[in-house]
Amino acid sequence: MEPGIVTRFAPSPTGALHPGNARTALFSFLLARSAGGRFILRVEDTDRARGRDDFIAAQQADLAWLGIAWDAGPDRNDGRGPYRQSERGAVYEGLYERLEREGHAYPCYCTPAELDMARRSQLAAGEPPRYPGTCRKLDAAARAERVAAGRRPGLRFAIPGPEIVRFDDLVRGPQAVDASTLGDFLVRRADGGAVFFFCNAVDDALMGVSQVLRGDDHLSNTPRQLLLLRALGLRAPRYGHLPLLLDASGAPQSKRRGSVTIAELREQGYLASAVSNYLLRLGHHGAPDEWVEPAEFAKHFHADKLGRAPAHFDPVQLAHWQREAVRRLDGDAAAAWLAPVFPGNWPANRRADAARLLLGNVLLPRDAREWLAVLDGELGPLAADARSAIVEAGPEFFSAALVSFAEAGADLKALAAGLGKRTGRKGAALYRPLRFALTGRHDGPELAALLAAIPQPLVRERLAGAARLGGN
RNA sequence: GCUCCCAUCGUCUAGAGGCCUAGGACACAGCCCUCUCAAGGCUGGUACGAGGGUUCGAAUCCCUCUGGGAGCGCCA
């Protein structure tokens, strides 16, 4: 019985999710969805020193926010779990035993200091630093001696004799690696903990994962996992290695360099659909140039259209998708999006009106903040362009505006008609000074909508102020 | 150090020997539209890292170099 496509995302809870991780997760999720398969989430928390539970929750929140939904995971066992590696010790125990019994692994008593020394001398001799095989040929007596000395062994996988390991990478195509260049690697630490190469590969197999999309950095390690799985008689997934995501500057993304996290993007007000639309096109050319609704993503994801060259995370491109996403917000969603910047005492309908009004001129909620002053506050000192436009129009223009406003109210069309009749101005000559007097700035939404949104006493105040200014 | 991966406009990319005087999107510039900004329409500039081959013909194949990245961990 063919279970179909199963993919997974397997983060270790050692930090916040970055765009690179998120993109790998998204692609894996879409790979499964596009084939009607299943997507699972596995937490690789074998490093109890660096892992933190709050990161697990944070990562899951980020994934959920991006619309990446897992069919099975730590919170959702389907019988093949548990999905936290820290809870899978019993599963691993049996495998360690088998590996050792069948001669695929051996206890290693080397200390970190000894290993480090070996590495240094290999490096100095111009050789790749590999485990020298010290404990591989230890006899029973030698082992007993080390145990008696109080040494606790790790378990090391024995790379079999010379051979060429071949696999067909989902994105790189056929690969061939000489196994003799591989050193015996640890599968269990001296403290009993599982090591990545081991638990990662084993869990994929045990959980029925059929395709693995992961970072480029795992490409050269793949043969180890293939050899290990074969020794265990487990079926290996098909691997696909995605190029790493770089910063705009071209450097690898890293916490140290302050690369943005998904959580930070969300806090800044980027919309999930904007981020995911952007991610969908980073190193993947299966999607059209136009906006795609997240619900349609799976239709536009094609594993054979994954790029091999590293992509840069570019805020300018993200801004484009953000603009597209903002444009698509409806009234309620827009009001909710801008809620953080609205005054707490604004009623729902005012929020919705203001949100609708501002949508075309706002990329992030913080951009709306300065518009709030225009809508209901102090304009502050006038900028040079505003001042000169107002002075140019002159005091009688604004006096006339005041009269016209008294007649027409917030109906800009009527106001402009009356003002035009009184001053002989029309078009830009009329609207420009009006806009500056009312908003203090040259850009913004339709003046008609603005006029309707600004409380009338404020309109009078600003027109009067402009009349005074023009008189000076 | 050794091994491996990658290399087209500023960015994301199309391109699997002739369809490429290299196409699209974003960004940028100009024009149109318009009360402004944005949106929309039109126009424009900008790229095959370098050098050798192979071929009638190369962005596409091969080699070298350069540049970038990764792996070689009792990190994942």
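In this text the structure is predicted, and so the values were computed from the model without any measurement. Chain letters run A, B, ... following the sequence lines, proteins first and then strands; every chain starts at 1.
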Classify every nucleotide of nucleotides 62-72 of chain B by which part a protein heavy atom approaches to under 4.0 Å, writing B for the base, S for the sugar-phosphate alone and - for neither, in 5'-to-3' order. -------SSSB
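Within the nucleic acid shown, A/Arg172 comes within 4.0 Å of sugar-phosphate atoms alone, with no base atom in reach, counting heavy atoms only. When heavy atoms are screened at a 4.0 angstrom cut-off, A/Arg327 is found touching the sugar-phosphate backbone but no base atom.
Inspection of the A/Glu324 and A/Asn277 side chains reveals no N or O donor paired with an N or O acceptor under 3.5 Å.
Taking the ring centre of A/Tyr431 as origin, the terminal cationic atom of A/Arg435 falls outside the region bounded by 6.0 Å and 45° from the ring axis.
Going from the C1' atom of B/G10 to that of B/C33 covers 29 Å, rounded to whole Å. The same atom, C1', is picked in B/G51 and in B/C56; the two are 23 Å apart, to the nearest Å. As rounded to the nearest Å, B/A16 and B/A22 have C1' atoms that lie 15 Å from one another.
Not a single donor-acceptor pair under 3.5 Å links the side chain of A/Asp45 to the backbone N or O of A/Arg52. In terms of modelled atom types and a separation under 3.5 Å, the side chain of A/Arg281 and the main chain of A/Pro288 share a donor-acceptor contact.
Taking the side chain of A/Asp314 as heavy atoms from C-beta on, and the options B/C12, B/C74, B/U11, the nearest nucleotide is B/U11. The side chain of A/Thr46 has B/A76 as its nearest neighbour among B/A76, B/C12, B/C37. Each of B/A7, B/C74, B/C35 was ranked by its minimum atom distance to the side chain of A/Leu115; first place goes to B/C74. With distances taken from any side-chain atom of A/Ala311 to the nucleotides B/A7, B/C12, B/C5, the minimum falls on B/C12. Which of B/U13, B/G73, B/A76 sits closest to the side chain of A/Arg119 comes down to B/G73. Nearest nucleotide to the side chain of A/His442, out of B/A27, B/C37, B/U11: B/C37.
Pair check for B/C9 finds none; no Watson-Crick or G-U wobble contact set falls under 3.5 Å. If you check B/A59 for Watson-Crick or wobble pairing at under 3.5 angstrom, you find it has no partner at all.
A donor and an acceptor atom sit less than 3.5 Å apart, one in the side chain of A/Arg435 and one in the base of B/C35. Judged by distance alone, with hydrogens and angles left aside, A/Gln122 brings no side-chain donor or acceptor close enough to the base of B/C2 to form a pair under 3.5 Å.
Side-chain rings of A/Tyr278 and A/Phe313 approach one another, their centers coming within less than 6.0 Å.
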For A/Gln225 and A/Asn221, what are the C-alpha separation, side-chain angles and deciding distance, and is it a side chain to side chain contact (heavy atoms under 4.5 Å, CB included)? CA-CA 7 Å; A/Gln225 296 192 304; A/Asn221 289 325; 5.7 Å; no
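Going from atom CG of A/Leu363 over to atom P of B/A27 covers 11 Å, rounded to whole Å. Atom C1' of nucleotide B/C35 and atom CG of A/Leu415 are separated by 13 Å, given to the nearest angstrom. A straight line from CG of A/Asn200 to C1' of B/A76 spans 8 Å, rounded to a whole angstrom.
Each of A/Ser12 and A/Gly427 was matched to the nucleotide of RNA chain B holding its nearest heavy atom; the match closer to the 5' end belongs to A/Gly427.
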